**Q** 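Sending over a structure as structure tokens; questions will come in a sec.
In this text the structure is predicted, and so the values were computed from the model without any measurement. Values reported hereafter were calculated over all heavy atoms of this structure, with side chains retained and with hydrogens, waters and symmetry mates removed.
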Amino acid sequence: MERKRVRLTVAYDGTRYHGWQFQNNGITIEGELNRCLSALLQEKTEVIGASRTDAGVHAMGNIAVFDTSSRIPAEKISYALNQMLPEDIRIQRSQEVPNDWHPRKCKSRKTYEYRIYRAEFPMPIKRLYSYFTYHQLDENRMREAAAYLVGEHDFKSFCQVNAQVESTVRTLYMVQVEEQGAEIVIRICGSGFLYNMVRIIAGTLLEVGQGKREPESLAAVLEAKDRSAAGPTAPARGLTLVKYEFEEEMEKRSV
């Protein structure tokens with residue numbers, strides 16, 4: 001029977017998961033997708049994910065693909081799969097793609113948001129989706145510092161030590177700091193990200209906002225190419241992958 005490749009847009013609350021990537025000793029997003037798809041399609045199914053988010057990180061639109069011989073139309077798989085998945089994972093769209101289409105081999109742009117909740121005391125309903133601080137934060141200083149990160153740079157200072165990567169050079173198209181009521185949202189769009197890169201950027205901008213370092217120090221942090229030059233790694237719960245865009249599709253829409 002002829003096989004087809006199906007692309008999924010996956011949203012999830014990462015609170016109770018050990019990240020995206022399958023693990024033998026912990027529940028993961030990939031593991032749940034594989035389990036439910038295999039049961040639905042009545043064949044062993046393994047997805048290929050676009051972004052391997054860490055434990056506790058959330059997503060509104062991560063991407064995964066899988067191959068199947070099932071006769072279920074690709075666009076209907078989302079409806080059936082959502083009936084089987086845990087309620088903290090939901091497919092936003094399923095569609096057929098060419099058999100050689102691979103999410104990690106296409107030029108893409110990922111947009112992350114890191115949320116910081118500022119108050120005298122924590123707000124329980126915010127605890128899973130933002131980082132709480134009682135410190136005063138100067139968002140203008142954070143915005144000034146963020147501007148140093150836009151463009152193509154060696155982000156080795158913003159990468160977890162011993163990460164296995166060929167290059168630490170990445171391009172950031174946008175680094176915004178926006179005040180939304182009691183929250184500050186750091187929004188970052190880039191061609192790709194190193195291990196813990198967004199969380200280290202958030203931790204460094206938090207130090208700038210608290211007055212612990214100057215905005216212009218970000219230039220020296222980049223130049224150092226040394227993890228110890230940057231700030232702490234902010235907790236995972238404040239981070240959400242909000243958008244995944246493929247450049248070939250963006251170009252088609254703009255024509």
**Q** For Glu183, give me all partners under salt bridge (charged side-chain N to carboxylate O under 4.0 Å, His left out), at least two apart in sequence or on another chain.
**A** Arg115, Lys126
**Q** With sequence neighbours left out, which residue pairs that include part of residues 28-43 fulfil the side-chain hydrogen bond (donor to acceptor under 3.5 Å, both in side chains) condition?
**A** Glu32-Arg35, Glu43-Thr68
**Q** Is there any salt bridge (Lys or Arg N to Asp or Glu O under 4.0 Å) pair reaching into residues 47-72, and which pairs are they, with sequence neighbours excluded?
**A** Arg5-Asp67, Asp54-Arg199
**Q** For Val169, does its backbone N or O pair with a side-chain atom of Ser167 as donor and acceptor, under 3.5 Å?
**A** yes
**Q** Under 3.5 Å, is there a donor-acceptor pair between the side chain of Ser108 and the main chain of Phe246?
**A** no
**Q** State, to 0.1 Å, how close Ala50 and Asn62 come at their nearest heavy-atom pair, and which atoms those are.
**A** CB-OD1, 4.0 Å
**Q** Is there side-chain contact between Tyr114 and Leu205, with at least one heavy-atom pair below 4.5 Å?
**A** no
**Q** Indicate if Tyr79 and Met84 have the same hydrophobic cluster label, given that clusters are the connected sets of ILVMFWY residues with side-chain heavy-atom separations under 4.5 angstrom.
**A** no
**Q** Run the side-chain contact (heavy atoms from CB on, under 4.5 Å) test on Leu41 and Phe66 for me, step by step, so that the C-alpha distance in whole Å, both residues' side-chain angles and the decisive distance to 0.1 Å come before the verdict.
**A** CA-CA 11 Å; Leu41 304 172; Phe66 65 92; 3.6 Å; yes
**Q** For Glu245, does its backbone N or O pair with a side-chain atom of Arg109 as donor and acceptor, under 3.5 Å?
**A** no
**Q** Within this structure, what is the CG-CG distance for the pair Leu81 and Leu33, rounded to the nearest 0.5 Å?
**A** 6.5 Å
**Q** Assess the side chains of Thr233 and Arg227: does a donor N or O sit below 3.5 Å from an acceptor N or O?
**A** yes
**Q** What residue pairs, at least two apart or across chains, pass salt bridge (Lys or Arg N to Asp or Glu O under 4.0 Å) with a residue in residues 6-29?
**A** Arg7-Glu249, Arg16-Asp88
**Q** Of all residues at least two apart in sequence or in a different chain, which pass the side-chain contact (heavy atoms from CB on, under 4.5 Å) check with Ala119?
**A** Tyr117, Phe132
**Q** Enter the distance from Glu139:CD to Gln180:CD here, rounded to the nearest 0.5 Å.
**A** 12.0 Å
**Q** Which word best sums up how the rings of His58 and Tyr129 line up, parallel for under 30°, tilted for 30 to 60°, or perpendicular for over 60°?
**A** tilted
**Q** Is there a donor-acceptor pair under 3.5 Å between the side chain of Asn82 and the backbone N or O of Ile91?
**A** yes
**Q** Should Leu241 and Val47 be counted in the same cluster of Ile, Leu, Val, Met, Phe, Trp and Tyr side chains packed under 4.5 Å apart?
**A** no
**Q** Given side-chain contact (heavy atoms from CB on, under 4.5 Å), test Ser191 with Tyr173 step by step and report yes or no.
**A** CA-CA 8 Å; Ser191 60; Tyr173 304 111; 3.6 Å; yes
**Q** Could you check whether Arg118 pairs with Glu179 (Lys NZ or Arg NE/NH1/NH2 to Asp/Glu carboxylate O, under 4.0 Å)?
**A** yes
**Q** For a quick test of reading the model, state the closest non-hydrogen atom pair linking Ala229 to Ala224 and the distance between them.
**A** CB-CB, 3.7 Å
**Q** Quick check: closest heavy atoms across Trp20 and Ser51, and the distance to 0.1 Å?
**A** CG-O, 3.9 Å
**Q** Who pairs with His18 by ring-ring contact (aromatic ring centres under 6.0 Å, His included), at least two apart in sequence or on another chain?
**A** none
**Q** Under 6.0 Å from the NZ atom of Lys156, do we count more than 12 heavy atoms belonging to anything else shown?
**A** no
**Q** With sequence neighbours excluded, tell me which residues meet salt bridge (charged side-chain N to carboxylate O under 4.0 Å, His left out) with Arg93.
**A** none
**Q** Of all residues at least two apart in sequence or in a different chain, which pass the ring-ring contact (aromatic ring centres under 6.0 Å, His included) check with Phe22?
**A** none
**Q** Can you name the salt bridge (charged side-chain N to carboxylate O under 4.0 Å, His left out) partners of Glu178, sequence neighbours left out?
**A** Arg187
**Q** With distance as the sole test, does Arg141 use its side chain to make a donor-acceptor pair with the main-chain N or O of Arg213 at under 3.5 Å?
**A** yes
**Q** Test of understanding: with side-chain contact (heavy atoms from CB on, under 4.5 Å), list the residues that count as partners of Ser94, not counting sequence neighbours.
**A** Val6, Leu8, Ile77, Ser78
**Q** Any chance you could lay out the side-chain contact (heavy atoms from CB on, under 4.5 Å) test for Ser69 and Arg3, step after step, and finish with the verdict?
**A** CA-CA 4 Å; Ser69 300; Arg3 291 176 71 77; 3.1 Å; yes
**Q** How many angstroms lie between atom OG1 of Thr133 and atom CD1 of Ile116, to the nearest 0.5 angstrom?
**A** 8.0 Å
**Q** With a 4.5 Å cut-off on side-chain heavy-atom distances among I, L, V, M, F, W and Y, is there a chain of contacts connecting Met142 to Tyr148?
**A** yes
**Q** Nearest 0.5 Å please: distance from the CD atom of Glu113 over to the CD1 atom of Ile186.
**A** 10.5 Å
**Q** Is it the case that over 12 heavy atoms from other parts of the model lie below 6.0 angstrom from the CD atom of Glu223?
**A** no
**Q** List in chain and number order the residues that pass side-chain contact (heavy atoms from CB on, under 4.5 Å) with Pro232, two or more places apart in sequence or in another chain; answer none if no residue qualifies.
**A** Glu207
**Q** Do other residues, nucleotides or ligands put more than 12 heavy atoms under 6.0 Å from Lys243 NZ?
**A** no
**Q** Report yes or no: do Ile63 and Leu85 belong to one cluster of Ile/Leu/Val/Met/Phe/Trp/Tyr joined by side chain heavy-atom distances under 4.5 Å?
**A** no
**Q** Which residues pass the salt bridge (charged side-chain N to carboxylate O under 4.0 Å, His left out) test with Asp226, sequence neighbours left out?
**A** none
**Q** Quick one: CG on Leu172 to CG on Leu149, what's the gap to the nearest 0.5 Å?
**A** 6.5 Å
**Q** Between Val208 and Glu214, what is the shortest heavy-atom contact and its length?
**A** CG2-O, 4.2 Å
**Q** When you measure from the side chain of His153 to the backbone N and O of Phe155, does any donor-acceptor pair fall under 3.5 Å?
**A** no
**Q** What is the minimum heavy-atom distance between Ala236 and Ala55, and which atoms define it?
**A** CB-O, 3.2 Å
**Q** Taking Arg90 for the side chain and Pro86 for the main chain, is one N or O donor matched with an acceptor at less than 3.5 Å?
**A** yes
**Q** Is Ile48 linked to Val97 within one hydrophobic cluster, defined over Ile, Leu, Val, Met, Phe, Trp and Tyr using a side-chain heavy-atom separation of less than 4.5 Å?
**A** yes
**Q** Kindly compute the distance separating OH (Tyr112) from SG (Cys189), expressed to the nearest 0.5 Å.
**A** 11.5 Å
**Q** What is the minimum heavy-atom distance between Ile200 and Gln160, and which atoms define it?
**A** CD1-N, 3.9 Å
**Q** So Phe158 and Leu222, side-chain contact (heavy atoms from CB on, under 4.5 Å) or not? Walk me through it.
**A** CA-CA 8 Å; Phe158 295 93; Leu222 285 168; 3.8 Å; yes
**Q** Give the intermediate values and the outcome of ring pair (Phe, Tyr, Trp, His ring centres under 6.0 Å) for residues Tyr12 and Tyr17.
**A** CA-CA 10 Å; Tyr12 48 87; Tyr17 294 94; 7.4 Å; no
**Q** I'd like to know if the side chain of Thr9 reaches the main chain of Gln92, judged simply by a donor and an acceptor atom lying under 3.5 Å from each other, with no hydrogens or angles considered.
**A** no
**Q** Whether Lys44 and Glu46 form a salt bridge (side-chain N of Lys/Arg under 4.0 Å from carboxylate O of Asp/Glu) is what I want to check.
**A** yes
